[in-house]
Structure formats: structure tokens, C-alpha cells
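Residue numbers begin at 1 in each chain, while the letters A, B, ... track the order of the sequences. Computed from a prediction, not measured in an experiment: that's the story for all the values here. No hydrogens, no waters, no symmetry mates; every other heavy atom, side chains included, goes into these values.
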Amino acid sequence: GGTTKEDVKNESTGAAAAGGKADPNAATKKGLTVGFLPKQVNNPYFTSADKGGEAALKELGSSYKEVGPSSATDTSGQVSYVNTLTQQQVDAMAVSAQDPGALCTALKQAMSNDIKVVTYDSDTNPECRNAFVSQASAEDLGRTEVQLLAEQIGYKGEIAILSAAQTATNQNIWIDFMKDELKDPKYKDIKLVKVAYGNDDAQQSFQQTQGLLQEYPNLKGIISPTTVGIKAAAQYLSGSKYKGKVKLTGLGTPNDMRKYVKNGTVDAFELWDPAKLGALAAQTAVALVSGQITGKEGETFKAGGTSYTIGKDGVISLGKPTVFDAKNIDQFNF
Amino acid sequence: MTVITPNQAPAAEVPKSSGTRLVDRVFKMRELAILVVFLVMIAVTQAGNSEFLSEQGIKDLLLNATILVLVATGQSLVVITRNVDLSVGSTLGITAFAAGIYLQDGGNPIVAIALAVLLGIGFGLLNGLLVSLGQVPALVVTLGTMYIIRGIDSIWVGSRQITAADLPGGFVDFGSGGISAVPYLALIALAVLVATAYYLKHFGSGRELYALGSNPEAARLAGIPVRKRILAAYTFCGALAGLAGAMYLARFGNVDSGTGNGYELTVVSAVVVGGVVFTGGSGSVYGAALGALLLTSINSVLPALGVSSVWVMAINGTLLILAIAVDRIVALRVASALKKRNARHA
Amino acid sequence: MPESLSRAIRWDTVVGALLIVLLLLSFSTVDGFSNALNLSFLIGNTLPIALIALPMTLLVVSGEIDMSVASTAGLSGAVMGALWNQGMTIEAIIPICLLLGVVCGLINGLLVTRLGLPSLAVTIGTLAAYRGIAQIVLGSDAVTDFPTQYLDFAAGRIGDTFVPQAFLPFLVLLAIAVVALHATPFGRSLFAIGASEEAARFAGIRVKRQKLILFTLTGLMASLTGIFWALHYASARYDNATGLELSVIAAVLLGGIDFDGGKGTLGGAIAGVFLLGALQNVMSLQDVSAQSQIVVTGVLLVVSVLGPRVARQISVARAGRTAASAPVSKAPTPTS
Amino acid sequence: MTHPSDAGPAPVLALRDVAKSFGAVRALRGVSLELFPGEVHALAGENGAGKSTLIKALAGVHRPDAGQVLLDGEPVVFHGPGDARDAGIAVIYQEPTLFPDLSIAENIFMGRQPRRALGRIDHKATHHATAALMQRLGVDLDPDRPARGLSIADQQIVEIAKALSFDARVLIMDEPTAALTGSEVARLFNVVRTLREQGAAVLFISHRLEEIFEICQRVTTLRDGAWIASEPLDGMTEDDLVRRMVGRDLDELYPKQEVEPGEVALSVRRLTREGVFTDVSFEVRRGEIVGLAGLVGAGRTEVARAVFGIDRWDAGEVEVDGRKLINGAPSTAMAAGLALVPEDRRAQGLVMDMSIERNIGLTGLRTTVKAGLMDRGAERSRSLDWAVKLQVKYARIADTVNTLSGGNQQKVVLAKWLATGPKVLIVDEPTRGIDVGTKAEVHRLLSQLAADGVAVLMISSDLPEVLGMADRVLVMHEGRLTAEIPRSDATEETVMAAATGRAAA
Ligand SMILES: Nc1ncnc2c1ncn2[C@@H]1O[C@H](COP(=O)(O)OP(=O)(O)OP(=O)(O)O)[C@@H](O)[C@H]1O
Ligand SMILES: Nc1ncnc2c1ncn2[C@@H]1O[C@H](COP(=O)(O)OP(=O)(O)OP(=O)(O)O)[C@@H](O)[C@H]1O
Ligand SMILES: [Mg+2]
Ligand SMILES: [Mg+2]
């Protein structure tokens, strides 16, 4: 008689997050310290997000700090940074989790030390944080990317997906929604032939793109829901004979993609504004510390003039992504 | 004086069994085993996917190998002297960024390349000085400088990045352009490779690298300037890592603080697969280059055959082991065959 | 220079002393360092490296290296997750995973000893292969719902003290390893093998067998670490512990283990492991950025090899001077 | 002092009052030496007397702590071996210093290969020059063969060829003949004589005194790092020389005790290792010393290696004390009571970076154990006992063996194996590089061991040693046993005849 998965399931039902009561009218506290812990420091995407958080905190009269590992797969490094922030007794931390489970013990430890925990960009298990600030609803992202590409290829032909790591939580959810979207009859002439993984590494994504094109000579389009992947794929396409013939879309930053939009490799792609994401994470953290919210479904709070409502499992959504193309791309700089 | 009579080698000078000698040579060439593995792999892939060896396909294969070939060439020189340079990945990253920053501000591509090479030389010198003057184990020192350079790189680069849009169009086009299926970058790498191999074989200082890797103490007694040679090998390795950095920039048009992280293992793999022995003194840069070609090609072959990327890593590792094992078994066979034939009967 | 003195400045003792100095300094000057929770974090996060450092030290002393340890750990975590998802009991899974580690180590060992391949090359190959298999086994899953009593054991501490529960078993393993390396014929033969394999063979030492045992032990410990990792972080993914091999190697090198084989002490290696761990902890608490920490690690490594070298040169120069200044005795008169 | 320096030619190379210490060890204290053109000068002294150190001081490997090196009467400072080489000094070091991965030709010409235009190496010329050198030395070694796997003797020959290729003014040879057999030594001496006649100055070290008397004109003796005498050899006897070296009279060099052989202890039957040796059968009885003679490369070492289990054999069987040995398993051979003192002490006999104590202890890992753990006290006393018994000259038992002189290293190897209390002892060139005094001790030891019932198989290229010590002499030629000669019939002629394949077996 050992312990199996079933036993564990039975024993650990219920027990969700956060007790206490929200007071929507409580005063916003000042002089707090919020620690940002991105998946990786020096990652341009997270740097813009955290900069957004920094600006928002300044506005709210609180202070900001950033710590984090220098590698996006150094989960143990991230755990020890959670510990560090706990030791330093910050008031709240905003975390983008490399792994949904690995941070749990440490985050719970932090919460039991009266530190509010907000996840942003990448969530952990719901019971390990107070709230999750989502960049856009996963459903929106998945479906719109398919819609973008379908338009570009005239609703016809073979397409493929170039994702990040096989374990990337976000990407996997989005890809599920993409597949769901493709079930709609209007896409009946589109065939998803393969999901490839470039591990968010420029060179691997590059070679995966090559492989896709060699394996499927009739490929018409590629969706790459990762900023590293789309950039590598664009760079490969723009230097190959496939430039302009194979369409590419996905999630990218305007600065990365400007050149490829201008030289005709890419028609359009999308992304949310990472700075806004970071700002919202900061605002949520402050609201949590101030007691304006506790993270329960249905609570509302105001941030930067907009009102947000907490959804199921403590998820707060930023809104719809922006589509960038040759017409509007010069208006953005991140 | 340039009149050359073809085939004037006097037949009498050739030792008795020139036939078997040739066979020996060919068999002793450890590179051959890798070449065979490589060709078989390419042939199988082509059979499974006729697009593979299209003009674009060949170009991609060559381009992918180029950067690794360069770095592996430099690394071989160091490994031949019984040392190792683990900092090449970090050097590649930082030089690529330096060249990129310079180009971003409207610099001249040639100067940018020179800059990258010079920076590489600087780091090579640092490693070389530590290893040769400090006389400390290369593995530790270069693991240390790997961390140091990587750290400096990421502090300096921060979250900045160089993208293709920042670079002169000509530079980026050069990175992916070529003469039909042969990319310019591959031509440069080939030139470097051939020159290095020629130097190693035909110049005294080149042979001395082998000598001091083979037996450092004997090298000292033979009056070989050991420290100077080791310093030179590291400097050359650094220079090629710098050149590779510039090429990386041209090829991928994209450099950030993570560029080159973990590259050292790939380079070491290529060198080892290529038959350059870690205890120094033997191996050739051609072998290392073939090793690099083999390793990068595996990464193109598997997707081209439609192998799910889930399998890629496992297959990669298995092939790596297979390559060195086959190489080793062939070498053992040949050695025992030679021994039986050569057994001295004075 | 008196023998006792030159012995005292051996690098492993220096590392041990540095560790103590660092701990004492941090206790008094670094906020948040000395409380029990932080210390338990420090030890807990360093344990995986320390666990693998035990067999790695023995391996390096015998002149070999295993780069695949982190992948073996990842593989055993992945298999653990996959089997757990299948509904097996954890008590059955753990022995299976340990066995798997033994197999991984055995494969490395056989390739090295039977085919005579260089271990660096072999294990770079298996580094990729084992990780790849882990990826095939578990794919994109992240298994997190292991039973709480196991998770608590791997992550919890003994009461309110700073000692993680898993630390005591580690101490036992450490003691076994120290005795094995420094007090048994087996350990003695490892030093001989590392310093001169041929001479060891001529002395009747079963070189291949000893190496095979070592690689197997390393695999076993790596898989144990993989299990510990998955439980400690409550997450089994195929990419668990990626890159751990370099941390282990850096720490072991820092502890004065010579990669040419034949030299070093386990005490030094473990001091190196905890020195790096404590240093990182302190630097994080002091808000030193991750990038600067990398630089510090690198500088420490370089100093760790340059330091003893310089010290030795100075002591040799000094000894030479005293000997040279001693009066030269008159040569005896020739007999003819 | 009786120097002819005021008369004859001026010395080419000289040392004046040179001192050199390694830590606490004072290897040289105020030594002077003069080398004259057209003269072969011997350097004699016990193991550890400082001969090799002196040579290294001459060659620029060591910088003397005090004193001067004089070249053509002018003080010089050699900053490295390269400087000495450029000054026309060629050195053969005591231990071969080859590049195993490079060809013999490259080994010989490393750093000074014939060049073509633009400084490129002329590989062909290198090959031919090497072939010519080999011919001059009368050996058949392929210039393109890598040095890896060469026997010690062949390595020594390559070293000699290397030194000859310099056409140096000064040729220094540190025990060049230690691994050679008579015919090769004879050829080497012919070459040396030619060089001498051409006006070269030669410094020659050997522990075989008859060689010194054969080729040298003058001798300098060292004792414990101190200069004892420099004098002409004319009119000196071997005993005189020994007295200078050792400071006392010497016991008999070959103290063979008569022993009645007991039952068979080692029995080798139809042993074959393809391409190396074929169909080798012999027996060694308790109390017997059996010599194994043959030319270099005859395969004697190979047989010993296979018997001990280092190499596998392809056919045949080996029994020690009635127990069949397992193919390729030295540990079972040891357990059966077999010991092998290998010929290459640096690579095979010793772990150079380990202490004397631990090196000797290495063969006792199974015996100096208490409750599964090392018994350090027992290990130390075992090592000390044997180091003292063999009169190893060392500063501390915990010093690494690479600080010992060549001969003392050899004693450590012997100690290491004698400490196992073997029933059968195979010694491969046991006295290579050992001074006369110690040689006599080693012989007495072997003789004593035999008297105590140990079966001894002695491989040696030193023919007088074989003749002086062996009860029977086995002779190998081209991988086969060609003769078995009883002590009574064994002479230089009979043994050499069998070794060169002239006599029918
Ligand atoms: N590198 C070294 N470090 C320490 N001691 C040394 C070193 N080299 C030589 N010695 C010591 O110097 C002394 C002289 O050694 P050397 O090798 O010159 O003797 P040798 O006369 O050549 O003896 P042999 O006949 O055995 O070769 C010995 O006591 C030896 O232990
Ligand atoms: N040209 C060669 N190629 C390959 N192996 C060689 C060559 N020359 C010698 N050997 C090896 O050396 C062996 C001869 O060994 P070795 O010279 O040690 O014999 P030996 O009779 O013990 O001579 P000695 O003891 O005088 O060195 C050959 O059987 C072979 O294994
Ligand atoms: Mg000597
Ligand atoms: Mg021999």
C-alpha cells in the first residue's frame, strides 16, 4: 500500500487561496516595496514589462526592485530568488514563473510571511499566488493568430507552428486554442501539418524553420507564438528564396520585426504592450497589499484609470492584443 | 623555374610497399570515419526528402556549419596543445554584440569585423596568459573566464539587443548571400580552415603545437618556446571566436546578452567527434571541421526527415556517441592490423 | 618552509577557511542571512550540487569526468513524473528511478571502459541523449502533485531549526564518501588510477572495474538527486536540473580537485560547493545582480587555481633562497 | 689536482663551483668540470650523486644557484634548453623525452626541420635525413612510424639519433646505454668514437663501468653532490673508480648462491600472442634464477606482460604454484603470488606524483587493511621497512617519487614488489640505471630471495648480469624461445649466438 496519484488527488481537494475580506475603498498604501522576478533578467521583453512596473510604482509612491536569474531555464535560480525576496521582506512580489509547480513551495512560504504574490505573463498553480495578471486572454491570442495567418494565405494551404520549448505553458495553451479555431469550417482548406519547437533559441528556431520548409515544400504559412521564434524565422525567410512566399505571423515586438515588415517578409503580427502588463502587475500588487482586493473572483479595482475585474481563479486580463503591420508599426517603440 | 614535370617523383625513392602505405594512410585518417557517417546521413536524408539537397538546402547546410567550423578550428589548435578553451561561446557573444553596436552607430562593416576579431584576440590573450604564464589547468581557467566574459557581456548588454534592422543592409545580405549554393561565409570559413591546416602541417611552429601537446616536458627540453606557442594558440582561438561572432551577427542579424551561451559544449563536441584527442598532440582541423559539419547537419537532417523535435535531442546524443565509438573501433582495428603486420623482426 | 605550514596552506583548507570566514562575516553583517529560514534555503538549494559533487569528486580524482549527471537527474525526474501519472505508487517509483540511474551510469562506464572512449566525449553525448529521452518520456508535462509527506521531507526543515530534513541523509552519504575516498583501499586505488592509470594497472589494480563502479555510482547519485530535485521543487519536468553539471564542476574545481586526476580531497570539494552556494545567497541578499554573480564565480575559479600556484612559487622561492645561502661545505680533497 | 688545462686545448664547456638545491636537497655543491674537444669524459657516481642534475645545469634546464657555466672560457647563462642547443650542445637525457604522437623523423628534427621556400618544412628531406641516421646507427626503424609504442630501447635509439643529428660540438649522454644490448652499444660507441675523432667533446654517464673504461679518457666522480675527483682513466682500475664513487670497497657484484631448485613455481605452456611472440614454453622452479636474454625487440617484455596479465594472450596457459592464471587479470596473478617489476619505471612502475610510502603501499592495498579500511600504520611501517631494506635515498618517506634520482626510483619499484612477498618474481631490467653499489645489493637480494625459495625470472639486456646471476638462461629471438642454456654452458658466445638466431635451438 503505497501512495499513488489517486490518493493525493483525494486528499487535496479544496484549499484554494487567500482568506480575509476585501475593502474596495481602502486607501492605497505608499512606501511599499514590490520585487519583480521575471523569468530571466536582461530579456528585452521582461525588461520592458518590468520598466512598466517600475513607472507604475513610482506613480503610486512605492519603490521597485528587480531580481532574477540570467537564464530562462534556471528554475532553481528562480526559486532561490523567491527566497531572497522573502528574506528581504518586500511587501509584494510580481513573478513570472518558469515552472508552474517548482516555485510553489517557496511562494507559499512567502505568502505565509505576509508577502503578497502576483504572477504575470506566466502563471503558477493558482493556490501559490494571490492573483495572476494575464497578458491577454489565451483564447484571444490563439484564435487571432490563426485569423491573421488565414487572411494572409487566402484561407488555403498547409501551415505550421514554430513554438518555444515543448514545456512552455503559455504557448501550449495558445496552441490548443489555435487548433480549436482551425476546426471552424471556414478553415477547411487549411491544414496544420506540424508543431515544431525552437526552444526560444535563435539558432535552433532557425534550423527548425529550415526543416519545416524542407519537409513541407508546399508550406504556405508559419505561426510563431514566441518573440524569439518569430524573429529567427523572419531572419531565415528574409535571407532565403521563401521570402514573401511563405507567410509568417505570431507574437513579436515591433522593434524586432520592423525590418521584416518593411522588407516584405512579414505582413502582420501581434502582441500586447509588455509595459502595460508590468504596470498592471504592479498596480495589482499594491492593491493587494492595501487590502483593496484579496484575489477572489468578482472583486474589482481601479488601475491607471481603467477598472479591472478579477476573473475565475484570480486571473486579471490585460485586454486584447495589438496587431502591427506596415501602416502602424512606426508608432511603437518597444 | 615554374616548369614542373608531372609525376617526376623517382619511383625508386618510394619505399617498397607504397600500396599498403597508401592504404595505411587512408585508414589512419580518422576523419574518414566521420566523412562516411556524414555522407551516409546526407544520402539517407536525400532519399527521404528530395528537397534536402536543393540549392537552398545545400546553402543552409553550409551556412549552419560555418560558424561552428570557425570556432572548432580555433578550438582544435588549443586542444592539440593539451589545453581547452571553454570561453569561446562567451567570446562569440560579446564580440558579436560589440560589432553590432558599432554597426548600429553607422560603422563600416569591415571595421566591425576587425573590431570583433581584435576583441576576440584580446580575450584569447587573456586566456593564453593565464594558462601559459600562470601554468594553471586550462579547464578551470577558461571555465572561469567563460563565466567572467559572460557576466561582463550581460552587464554591458543588459536588455539591449541588436536586430537586423539596426544593421546595414549590405552586411546582413552578405550574411545570407553567396555564389549559387555556396555562401560567402562558408567560403571565408573554408579559407581559414585550409590555411590553418596548411600551417599546422608545413610550418615549424605548427608542428611544435603538436609536439608540446604530445609531451610538454619533452617540448621544453627540445627548446620549444612552450609558453609562446600556447599563447599563440589561444590568441588564434580567440581571434576565430571573434570572427565567428561577426559572422553570427551577419547570419542571424540578432544578438542579445544570451548569444553564445552554452556554445562551448557544442564546440567541444565537434572537436571531439572530429577526432582531435583531448590529451593533446593529435588530430587535425579538417577532422574538427567535419565534426562541426556533422553535428550541425544532424540538426538539419532530423527536421527535414520530419522527425518530431521531441526526438531530436536524444538522436543527437546517440549519434554523437555512435560517431566517436565507430571512429574508435575503426582505429582499434587498424591499429591491431598494423601491429600484426609491423611486428618487428629485426 | 616547515612541512606543517606548507600543508596548512593547501588549497582545500584555504577553501574551508574561506567558507568559515564568509559565514562569520555574513552572520554579523548581512541582514536576513542568519535566520533559520534563510539558512535552510541556502542548504536546501545547494544540496543537489553537493549530492552530485560526492561521486563527481571520486570520478575526477580517478581522472574521469561525467558531464551527463544533470541529464541523468532530469531523466530520473521525468520518469518519476511519467510513472506517477500512470498511477504507480511513489514507493515503487523511487527504486525504479534509482535503478534507471544505475543503468545510465553503467552505460557511461561501459562506453568508457570497454571501448576506451574519452569520458568527456562520451558523457557530452549521453548528456544530450539522456535529456532527449527525458523529453520523449515526459514531453511537455510538468508533474507537481506528489504526495505531501515526500514534498515536505524534500523541502521542509527539522522543526524550526535551520537544518533541512534532507540534510541529515546527506551527511550520512558524505561520511560514507569521505571514508570511501580517503580511508579505503578503493579510494587509494582511485588516486593511483588518476595519477597514472598504467602504473595502477601494473600494480594489479582493476582499473576498468573501479571506473565502472564509479560511473555507476555517479549515475545512482545523479538519479537520487533528480528525485530529490523533483520533490524539493515539487515539479518533475524533462528539463529539470539543466546545466547543473557546470555548477558541480565549478564547485568541485574550486575545492581544489585537480582535473588531471590523482589529487584533491572530498572535504575541499564540499567546502567549494557550499562556498559557492553561500556566496550566491549572500550576494542575492545584498542585491548583487545575477550577472555580477556570474563574474564573481568566474573570478573565484581563476583565483582558485592561480592562488595556490602563486603561493607555491613564493614558498619555493623562499626555500630556495635559504638553501642557497647555506654555506657550501668544502669539497673533499681528491684522492689522487 | 691534475688538470692538463694549462697545456692541451682549452675546454669547450666547463662548470666552475656550481651548486644546485631542490628545496632542502642539495643535489650539487661546488662541482667543477671541464670538457675538452676530442675527448670522451665520464661522469661517475652513485644513484642520486647529482649526475643528471649536473647535466641539466650544463644544458640550461636548471639554473645553478651558485657558480658558473663557461662556454669557450666565457661565462654564459643559458635561459633554457634552447640556448644550450644553439650553443652547440646536444643532450640525451636519462629518461627518453619523445613526442609519442609524432613520427620518429619529426621527433628527431623537431624545431630544426629542413626548410623549403617561405619557411615551410621539407618533409621529404626530413624523412631521408632520418633514414640516414638510422642507417648510421644500424637500426631498422621506419622514420614515419609514430613514437608511441616504441620499446624503451628503441626510444633510446631515437634519442641518440636526435643528439647525433645536431652535429654538436658537445654531446652529453645521460645513461644512453641503460636500455641497450651489446650490439647496439657497440654501434653507439663506434659513432661516438667517430665524433670524438672529429673533435667533439663528449660527456658520458653509465653505471656499467666496463663501458666507461672502453670509451672514455677522463672521469669525474661525484659523491652526494660533491666533486670528488677529475682524472685520466689510464691506469685506473674498476676498483679504484668504485672506491671514489662509493667511498669504500665493494662487495662481489654477482653474489650468486648455489641453490637446489625446488618444485615448479611458474609454468608457461605454449603461450602465444599473435604477432608478438609464439609458442613460448618454460618453467621456473623455486629457488631458481632464470635469465631471459635476447636482442632488443625479441619479445621478452611482451612475454612477461602477458604472463602477469597486463596483455591478453591468444593461446596457451600459465600456472603459478599449480594455480592456472586467468587471461588478462593482474590482480589474480598477484593473488597467486606473482610479481612483475616492469621495465619502464616511470610509466609502469611508479605513480610519479605519489609519495614513496604510497607507491610501495600500492601493492599492499589488500593486506594493509583493517575492517575494510586502510591501516595507515601498517602501510607506513611496511613501506618504511622496505625502503630502508633497499637503502632508498630519500629525504622524507612522504616525498613524491619524482624527486628521487633514477636509481632510487628503481629501488622503490623493487621495494614495492618485494613487499608483496611473491612466490614468483619477474624482474624486467631490474638494474637498469642502478649504480654498481646498489646493483650488487639488488643481486644479493635476488640471490637471497631465490635462496628463500622464490622463483625468479630475470629479463636483462646486461649480459654479464644474466651470466653472473642465472641458473639457466632462456634466449628469445624474434618472438620465439630459441635456446635454453644451463649455467655451466652459458657464455657470451652461446647466448649471443642463440639471440641472433645463428644457433639451432
Ligand atoms: N626536481 C627535483 N626536485 C627535488 N629533488 C631533486 C630533483 N631532481 C633531482 N633531485 C634530487 O637531487 C639529487 C641528485 O639527483 P640526480 O638525478 O642528479 O642523481 P643522479 O646522479 O643522476 O642519479 P642516477 O644515477 O640515479 O640517475 C637526488 O637526491 C634527487 O633526489
Ligand atoms: N615498429 C613497431 N611497430 C609496432 N610495435 C612495435 C614496433 N617495434 C616494436 N614494437 C613492439 O615492441 C615489441 C618488442 O618489445 P621489446 O622491444 O620491449 O622486446 P624485449 O625483448 O622486451 O626488448 P627489451 O626488453 O630489450 O626492450 C614488439 O613485439 C612490438 O610489440
Ligand atoms: Mg641520473
Ligand atoms: Mg623489454
Exercise. Heavy-atom distance under 4.5 Å between the side chains of C:Lys263 and C:Val61, does that happen here?
Worked result: no
Seminar exercise, completed: d(B:Thr73 OG1, B:Tyr286 OH) to nearest 0.5 Å is 10.0 Å
Seminar exercise, completed: Ranking C:Leu300, C:Val296, C:Val303, C:Leu301 by heavy-atom pairs under 4.5 Å to chain B gives rank one to C:Leu301
Problem set entry | Distance-only side-chain donor-acceptor flag, B:Ser154 / C:Gln291, under 3.5 Å | no
Problem set entry | B:Arg150/B:Glu264 ion pair, N-O < 4.0 Å | yes
Exercise. Picking from C:Ile133, C:Val299, C:Leu127, which has the most non-hydrogen pairs under 4.5 angstrom with chain B?
Worked result: C:Val299
Seminar exercise, completed: Turns out that what part of C:Leu306 lies under 4.5 Å from chain B's heavy atoms comes down to both
Problem set entry | Salt-bridge criterion met for C:Glu198 and C:Arg201 (N-O under 4.0 Å) | no
For this session: Tell me, for C:Ile136 versus chain B, whether the close heavy atoms (under 4.5 Å) come from the side chain, the backbone, both or neither.
Result: both
Exercise. Contact part of C:Leu111 toward chain B, heavy-atom cut-off under 4.5 Å: side chain, backbone, both or neither?
Worked result: side chain
Seminar exercise, completed: Greatest number of non-hydrogen atom pairs under 4.5 angstrom with chain C, of B:Val272, B:Val141, B:Val140, falls to B:Val140
For this session: Find out whether C:Leu75 and C:Cys104 are in side-chain contact, i.e. whether some heavy atom of one side chain is under 4.5 Å from a heavy atom of the other.
Result: yes
Exercise. Looking at C:Gly243, C:Ala250, C:Ala129, C:Ser289, which has the largest count of heavy-atom pairs under 4.5 Å with chain B?
Worked result: C:Ala129
Exercise. So which of C:Pro118, C:Gly139, C:Gly116 has the largest heavy-atom pair count under 4.5 angstrom toward chain B?
Worked result: C:Gly116
